[in-house]
Amino acid sequence: KAGVTQTPRYLIKTRGQQVTLSCSPISGHRSVSWYQQTPGQGLQFLFEYFSETQRNKGNFPGRFSGRQFSNSRSEMNVSTLELGDSALYLCASSLELAGVTGELFFGEGSRLTVL
Amino acid sequence: AQSVTQPDIHITVSEGASLELRCNYSYGATPYLFWYVQSPGQGLQLLLKYFSGDTLVQGIKGFEAEFKRSQSSFNLRKPSVHWSDAAEYFCAVGAWNNDMRFGAGTRLTVKP
């Protein structure tokens, strides 16, 4: 059974640009959650999508957005990149809403560097 | 929303010694509690989880954790640490129909 797949694994952007990250969940999983990981901050919750609807949202500015497709694949977008957006972006999938199943399966992440 | 505090940023223990990693949560109702481990170059893996019932839960790799409602804590323990346990450990709290929130992590170094 394939795990959670995130693409691209590494990318470098400059300030002001935008970026789109992709996440393919485990087959059959309907929920996708996104987290930003930075040293000392741990995993900061961005948002969770379930059945193509954003169900929960963390405390991030509107520059961070996402969506989920009918096949449960998800994308997140960051516009007008800032230096502080440099981080590892993790995607996690679960069968149902994360708070219902309580178990997330994580991808290896997309490491974004903003210059 | 629920939140998690991991007071220790970095802990060093000798191989074979016992380990306890601290976790405190904040949530008004009964939380779901988890410990995840992130080994170098690998994704996060679930170690154990607590939903209800017995407050002492067993996980993989010989880890256990105890839920103490009076202290709002869910500390992770292992009686004898192995060099392969060196990693970053994250405590997380979830709730029914809610998302999961993670702590800042505790990095474990194991001395030979």
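Each chain gets a letter, A, B and so on, in the order its sequence line appears, and its residues count up from 1.
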Are [X] and [Y] packed together at the side-chain level, in the sense that at least one heavy-atom pair is separated by less than 4.5 angstrom?
X        : Y        : result
Tyr89(B) : Trp35(B) : yes
Leu21(B) : Asp8(B)  : no
Asp99(B) : Gln2(B)  : yes

Heavy-atom distance under 4.5 Å to chain B: side chain of [X], backbone, both or neither?
X        : answer
Glu48(A) : side chain
Gln37(A) : side chain
Leu90(A) : side chain
Leu97(A) : side chain

Could you give me the CA-CA distance, side-chain angles and deciding distance for Tyr36(B) and Phe106(A), then say whether ring pair (Phe, Tyr, Trp, His ring centres under 6.0 Å) is met? CA-CA 10 Å; Tyr36(B) 283 81; Phe106(A) 283 85; 5.7 Å; yes

Centroid-centroid distance, Tyr35(A) to Tyr89(A), less than 6.0 Å: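 Ring centres of Tyr89(A) and Tyr35(A) not closer than 6.0 Å.
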
Taking the six-membered ring where the residue is Trp, are the ring centres of Phe45(A) and Phe47(A) under 6.0 Å apart? no

Which bit of Ile9(B) comes within less than 4.5 Å of chain A, counting heavy atoms only: side chain, backbone, both or neither? neither

Which region of Gln38(B), side chain (C-beta onward) or backbone (N, CA, C, O), has a non-hydrogen atom less than 4.5 Å from a non-hydrogen atom of chain A, or is it both or neither? side chain

Between Ala92(B), Ala95(B), Gly94(B), Gly43(B), the one whose heavy-atom pairs under 4.5 Å with chain A are most numerous: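 When all of Ala92(B), Ala95(B), Gly94(B), Gly43(B) are compared, Ala95(B) has the most.
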
If you tally heavy-atom pairs under 4.5 Å against chain A, which of Arg101(B), Lys49(B), Arg107(B) wins?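 Answer, by heavy-atom pair count under 4.5 Å with chain A: Arg101(B).
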
